Undergrad: 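Questions regarding the structure given below will be posed in turn.
Every value quoted in this text rests on a predicted model; they were computed, and no experiment measured them.
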Amino acid sequence: MTNKYYLWFTAMVSVIYLVLSFLYASNQIITDEQWYLYLNALDAAKNGNYSIVGQVLPGVGPTVGSVGNFLTSLPLLFSDSPWAPMTFIIILRFMSFLLFSIGLRQFFGNKTLCCFAVMYLLSPWFLYETTLTQTSYVIFGVSVVFLSLVNLRSCRSPEKQDHFFLNPKLTKFLASMCLILGLGYCLQLSYLSISLVIMVLFILLRRAIKVSIGGIITGLGIIGLTVWAFLSSILTSDEIGSMFSDAHSFTDYSPLYLLENVARGILGWLRLGSTGYSHQIVRYFDPSIITSQPLSDLLSYAFVGFIYLVGAGTLLINIYATFTTLKETKGSIFSWRSLENDRTFLSIISVFAFLALLISALVLPLRFQVINVSTFLVFALLPMLMLIERYRTIPLHYFATFLVLLISFTVLVNLVSATSSKRFEQRSTMEIQLLERFENDEAPEGTIRSTPETDEAMEADTNDVNDQTIPPKN
């Protein structure tokens, strides 16, 4: 497949993605999480009152830093409409695709990259997070981390240094700095990003990349500036510390719960690389919006059965691809030897991301629903992409047929998910729901900031919407 056809195909998929993204955004069910994020951002944009903490993770506390508040308030400087930050979110998420594609282009041909465009941009795992929430920003930081790792890997290969636009030393400095900035960005938005930090530490210990100490120090310095206000406040105010008073420790949970969480992490990882979509996406389908009883019940069962049947098939394929990856890299994962080729580098990134996710499942006090770890979609897709690359020599018309079927299937699931699922419905738009909240809320417009009371309300709502249920202590 020529570059011309690849670009045309990617442009078409991108247009479909944008249409579906705005559909998801418009139909999202507004909860306290979106409400407080929008109000805090509006307050920051109009009054300069930036919050020094973010979304609450039940059992841990709020995220540290102003990144989520700042990103949401930035577009509100130009317009008060909730569509301003929502459009910004959609753009950032699309930019993540571009950064991932730039990194993957060093390893895969155009056919595989076409598959990646569909499996990423049109994936319900990805589109389901198109909401006015902090976590919707995380995927952009993940893409920065991935591209930084790829560039740092290239710095170890003299034959690839000729392709750099900048001096190799400067490239290593910038990539090292961006790696730290990407990690810091993600950590200020979601505690699940601890998995990214663990993954990078594994890669560094494996000596698969070569970093610049100066770039690392510069990145840490910039991240330090973004959390300085929080560090200053926590030393002078008991109010900030009280937000973390209900945090749970590792010893608060039984071994059975920890094993269950690890099992959830393993299954979630395998489902991310397949079409075995979450029940939140497919089981809340309500055909009554297009037909009446008893046909609506029949249509509902048929749809769910069809989705799960296809999902089971792709899940088996992804299990095969994952075990093939593990088999190929078992001698290289914890070895000090140089990596044999670029394929091995991608394999160990996927394996280390998987191990890091399991470690996070042990230490973070929430049940690991697959929908909550969808920011690791690309790492979970790597085994499947490497399997597809093996069959890149098949005739183009067969490959095109496969892509058409894949696009049709994902668009069907997304249309249902965006209009009738746990987090989305077409009965009321995002703007109308927020307007109703403005009319009914007793707090002054644009003056609500993070407080223990609002964070407690956000925690309760997050617990309900995201199914992040905290188990009872022993």
Side-chain angles (χ1 to χ4, degrees), residues 6 96-120 123 125-126 139 142-157 159-161 163 171 175 178-179 182-183 195-211 269-270 272-274 317-358 373 375-393:
Y6 164 69
S96 73
F97 163 72
L98 297 179
L99 294 180
F100 279 128
S101 296
I102 292 172
L104 291 174
R105 192 163 186 80
Q106 300 188 31
F107 305 96
F108 299 126
N110 287 337
K111 286 183 178 180
T112 305
L113 290 176
C114 283
C115 286
F116 171 70
V118 179
M119 296 167 72
Y120 182 78
S123 170
W125 297 123
F126 178 64
I139 194 68
V142 176
S143 66
V144 172
V145 170
F146 178 78
L147 185 58
S148 300
L149 290 173
V150 170
N151 285 330
L152 288 171
R153 169 61 185 170
S154 297
C155 290
R156 292 186 64 95
S157 306
E159 66 276 7
K160 290 189 176 183
Q161 294 183 6
H163 300 291
T171 299
C178 288
L179 176 65
L183 292 174
S195 301
L196 278 179
V197 178
I198 297 172
M199 179 193 75
V200 171
L201 288 176
F202 278 146
I203 293 173
L204 288 172
L205 290 173
R206 176 58 183 80
R207 296 193 289 189
I209 59 174
K210 203 172 186 180
V211 298
W269 179 271
L270 294 173
L272 277 178
S274 70
I317 296 174
N318 190 47
I319 290 174
Y320 168 75
T322 301
F323 275 96
T324 300
T325 300
L326 289 172
K327 183 179 179 181
E328 291 178 348
T329 58
K330 65 180 181 181
S332 304
I333 297 176
F334 300 109
S335 171
W336 294 108
R337 294 177 300 166
S338 299
L339 297 178
E340 299 175 1
N341 49 53
D342 291 337
R343 181 185 176 89
T344 306
F345 176 66
L346 279 187
S347 297
I348 68 165
I349 284 184
S350 182
V351 172
F352 285 154
F354 174 62
L355 294 176
L357 193 64
L358 296 187
V373 297
T375 49
F376 300 94
L377 174 63
V378 168
F379 302 113
L381 283 176
L382 287 177
M384 184 69 81
L385 292 174
M386 287 186 283
L387 181 64
I388 293 173
E389 181 71 6
R390 290 181 176 179
Y391 297 95
R392 64 184 182 277
T393 57

Undergrad: Out of curiosity, Phe376 CZ to Leu381 CG, how far, rounded to the nearest 0.5 Å?
TA: 13.5 Å
Undergrad: What distance do Leu355 atom CG and Trp269 atom CH2 have between them, rounded to the nearest 0.5 Å?
TA: 9.0 Å
Undergrad: How about Leu149 and Met199: do any of their side-chain heavy atoms sit closer than 4.5 Å?
TA: yes
Undergrad: Mind checking whether Phe146 and Phe379 have parallel, tilted or perpendicular rings, split at 30° and 60°?
TA: perpendicular
Undergrad: Which is it for Phe108 and Ile388 under the side-chain contact (heavy atoms from CB on, under 4.5 Å) test, yes or no, and what are the steps along the way?
TA: CA-CA 10 Å; Phe108 299 126; Ile388 293 173; over 6 Å; no
Undergrad: Can you name the nearest heavy-atom pair linking Ala356 to Ser195, along with the distance?
TA: CB-O, 3.1 Å
Undergrad: How long is the span from the OG atom in Ser274 to the CE atom in Met384, to the nearest 0.5 Å?
TA: 7.0 Å
Undergrad: Please examine the side chains of Tyr320 and Leu387, heavy atoms only from C-beta on, and report whether any two atoms are closer than 4.5 Å.
TA: yes
Undergrad: Which pair of non-hydrogen atoms, one from Val145 and one from Val200, has the smallest distance, and what is that distance?
TA: CG1-CG2, 4.2 Å
Undergrad: Given Ile349 and Arg153, is the side-chain contact (heavy atoms from CB on, under 4.5 Å) satisfied, shown in steps?
TA: CA-CA 11 Å; Ile349 284 184; Arg153 169 61 185 170; over 6 Å; no
Undergrad: Report the residues that fulfil side chain to side chain donor-acceptor pair (under 3.5 Å) with Ser96, sequence neighbours left out, ordered by chain and then residue number.
TA: Tyr120
Undergrad: Any pair with a residue in residues 382-391 that passes salt bridge (charged side-chain N to carboxylate O under 4.0 Å, His left out), sequence neighbours left out, goes on the list, sorted by first then second residue, please.
TA: Glu328-Arg390, Glu389-Arg392
Undergrad: Output the distance between atom CG (Leu183) and atom OG (Ser148), rounded to the nearest 0.5 Å.
TA: 8.5 Å
Undergrad: At their closest point, which heavy atom of Leu377 faces which heavy atom of Leu272, and how far apart are they?
TA: CD1-O, 3.3 Å
Undergrad: Over all heavy atoms of both residues, which pair between Phe97 and Ala117 is shortest? Give the atoms and the distance, please.
TA: CE1-CA, 3.7 Å
Undergrad: Would you say the side chain of Val150 lies within less than 4.5 Å of the side chain of Phe107, judging by non-hydrogen atoms?
TA: yes
Undergrad: Any non-hydrogen side-chain atom of Phe100 less than 4.5 Å from a side-chain atom of Leu147?
TA: no
Undergrad: Begin from the C-alpha positions of Phe345 and Ile209 and carry the test side-chain contact (heavy atoms from CB on, under 4.5 Å) through to its verdict.
TA: CA-CA 9 Å; Phe345 176 66; Ile209 59 174; 4.0 Å; yes
Undergrad: Quick one: closest heavy-atom pair of Leu385 and Thr112, and the distance?
TA: O-CG2, 3.5 Å
Undergrad: Looking at every non-hydrogen atom in both residues, tell me the closest pair between Val142 and Thr375 and how far apart they are.
TA: CG1-O, 3.9 Å
Undergrad: With rounding to the nearest 0.5 angstrom, report the CG to CG distance, Leu196 to Leu201.
TA: 11.0 Å
Undergrad: Compare all side-chain heavy atoms of Asn151 with those of Gln106 and state whether any distance is below 4.5 angstrom.
TA: yes
Undergrad: Taking C-beta and beyond as the side chain, do Thr322 and Asn318 meet within less than 4.5 Å on heavy atoms?
TA: yes
Undergrad: Determine, step by step, whether Phe352 and Arg206 satisfy the side-chain contact (heavy atoms from CB on, under 4.5 Å) criterion, reporting the C-alpha distance in whole Å, the side-chain angles of both residues, the deciding distance to 0.1 Å, and the verdict.
TA: CA-CA 10 Å; Phe352 285 154; Arg206 176 58 183 80; 3.9 Å; yes
Undergrad: Please answer whether the main-chain N or O of Tyr6 pairs with a side-chain N or O of Asn110 as donor and acceptor at a distance below 3.5 Å.
TA: no
Undergrad: Treating Thr325 as the side-chain partner and Ala321 as the backbone partner, does any N or O pair qualify as donor plus acceptor under 3.5 Å?
TA: yes
